[in-house]
2 protein chains.
Amino acid sequence: MELDHAARCLEKLGNPTRLEVFRLLVKAGHDGLSVGAIQEHLGVPASTLSHHVAHLVNVGLVSQEREGRVLRCRPNFPLMDELIGFLTSECCVLADAPEEPAAARA
Amino acid sequence: MELDHAARCLEKLGNPTRLEVFRLLVKAGHDGLSVGAIQEHLGVPASTLSHHVAHLVNVGLVSQEREGRVLRCRPNFPLMDELIGFLTSECCVLADAPEEPAAARA
DNA sequence: ACGATATTTCTAGAACTATCGAAATAAATT
DNA sequence: AATTTATTTCGATAGTTCTAGAAATATCGT
């Protein structure tokens with residue numbers, strides 16, 4: 001994962017409402033939740049919530065699928081794993097880790 | 001770690017310049033780097049960089065210590081671990097994790 | 001076609017953030 | 001005490017984000 005995409009994901013998760021939305025979706029598991037269900041949980045006005053969810057969808061952390069009248073939102077687990085992988089490998093390694101995985105060292 | 005503090009940390013890391021600063025500090029290890037050294041690496045104007053570093057210090061992800069004329073910046077590894085722990089446990093668990101660790105289920 | 005429900009788009013103001021030059025402060029050196 | 005080096009604070013501008021009401025759109029049931 002590129003640093004810029006990681007930064008965009010972190011930026012989106014860096015809003016308390018959105019982080020709560022995302023956490024809620026993760027707790028809900030692979031089936032996710034509808035926008036309305038999220039609203040019931042968090043009590044945020046619909047337009048505000050829609051705006052926040054759109055941010056998460058934009059950056060790929062949440063996907064949406066229409067099911068009749070409701071829009072089902074699901075967390076993107078693989079992307080979240082990538083993000084955590086980025087943080088762990090690029091921003092958390094101490095000790096003597098080399099800058100590059102292999103090669104390039106004349 | 002509380003959700004609000006996690007969100008504040010993520011928000012700060014969610015700026016490409018700051019994420020790069022933090023990554024650089026992590027790569028530098030426990031000794032960190034001076035503000036000037038960061039500046040040489042990233043080529044950001046001093047006042048802008050100072051502003052960004054202040055954000056990271058504010059939220060606790062970076063600590064600063066004066067050493068004569070230079071200000072040494074060190075990444076806060078334990079806090080970063082906590083943050084990754086929060087993301088992993090609260091925003092990344094799939095499968096059949098219960099909502100609460102125990103109790104509360106009449 | 002109509003009414004109900006679910007969600008988005010539009011809009012706009014207030015608050016916040018980023019940027020960076022210039023001036024200020026801090027410490028070391030002379 | 002004057003000079004140099006390192007960094008911050010100030011100040012101004014430009015742009016972004018948050019918030020939420022009102023209006024619009026989509027889908028379903030009748």
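Labels below follow one simple rule: chain letters A, B, ... track the order of the sequence lines, proteins then strands, and each chain is numbered from 1.
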Residues His30(B), Phe77(B); criterion ring pair (Phe, Tyr, Trp, His ring centres under 6.0 Å); working and verdict: CA-CA 9 Å; His30(B) 282 293; Phe77(B) 287 106; 4.8 Å; yes
Nucleotides bounding contact with chain A, strand DNA chain D, heavy-atom threshold 4.0 Å: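 The contacted stretch runs from dT17(D) to dC28(D).
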Sugar-phosphate only, base, or nothing, as touched by Thr17(B) at under 4.0 Å among non-hydrogen atoms: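 Touches nothing.
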Touch class at under 4.0 angstrom, heavy-atom based, for Arg18(A) against every strand present: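 The residue Arg18(A) makes sugar-phosphate contact but no base contact.
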Toward the 5' end of DNA chain D, by each residue's nearest nucleotide, Ser47(A) or Arg72(B):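 This one resolves to Arg72(B).
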Ala37(B) or Arg69(A), whichever maps to the more 5' nucleotide of DNA chain D: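 Looking at DNA chain D, the more 5' nearest nucleotide goes with Ala37(B).
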Gap between atoms [atom1] and [atom2], on [X] and [N] respectively (whole Å):
X: Glu11(B); N: dT17(C); atom1: CD; atom2: P; result: 6 Å
X: Leu33(A); N: dT7(C); atom1: CG; atom2: C1'; result: 15 Å
X: Leu71(A); N: dT5(C); atom1: CG; atom2: C1'; result: 13 Å

Counting distance only, does the side-chain N/O of [X] pair as donor-acceptor with the main-chain N or O of [Y] below 3.5 Å?
X: Asn76(A); Y: Val62(A); result: no
X: Thr88(A); Y: Ile84(A); result: yes
X: Thr48(B); Y: Val44(B); result: no
X: Arg18(A); Y: Lys12(A); result: yes

Shared hydrophobic cluster, Leu83(B) / Val57(B) (ILVMFWY, side-chain heavy atoms < 4.5 Å):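 The answer is yes; both residues are in one hydrophobic cluster.
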Axis bend over the full length of the helix from dA1(C)-dT30(D) to dT30(C)-dA1(D), computed from five pairs that close each end, to 10 degrees: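 Between the first-five-pair axis and the last-five-pair axis there is 20°.
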Side-chain N,O (Asn15(B)) to OP1/OP2 (dT17(C)) below 4.0 Å: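 No, because none of the side-chain N or O atoms of Asn15(B) sits under 4.0 Å from OP1 or OP2 of dT17(C).
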Thr48(B) side chain near dA18(C) phosphate (N/O to OP1/OP2, under 4.0 Å):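 Answer is no, no contact under 4.0 Å.
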Sorted by number, the residues of residues 50-67 of chain B with heavy-atom contact under 4.0 Å to DNA chain D: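 Nucleic-acid contacts, sorted: Ser50(B), Gln64(B).
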Pair Glu90(A)-Arg23(B), salt bridge (Lys or Arg N to Asp or Glu O under 4.0 Å): steps then yes or no: CA-CA 6 Å; Glu90(A) 303 274 312; Arg23(B) 176 168 69 166; 2.6 Å; yes
Salt-bridge criterion met for Glu65(B) and Arg72(B) (N-O under 4.0 Å):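 Answer for the salt bridge query: no.
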More than 12 heavy atoms of other groups within 6.0 Å of Glu2(B) CD: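 No.
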Parallel, tilted or perpendicular: ring planes of His55(A) versus His51(A), cut at 30 and 60 degrees: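 The rings of His55(A) and His51(A) stand perpendicular, inter-plane angle above 60°.
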Asn15(A) and Glu11(B), any side-chain heavy atoms less than 4.5 Å apart: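 SC-SC contact between Glu11(B) and Asn15(A) ruled out.
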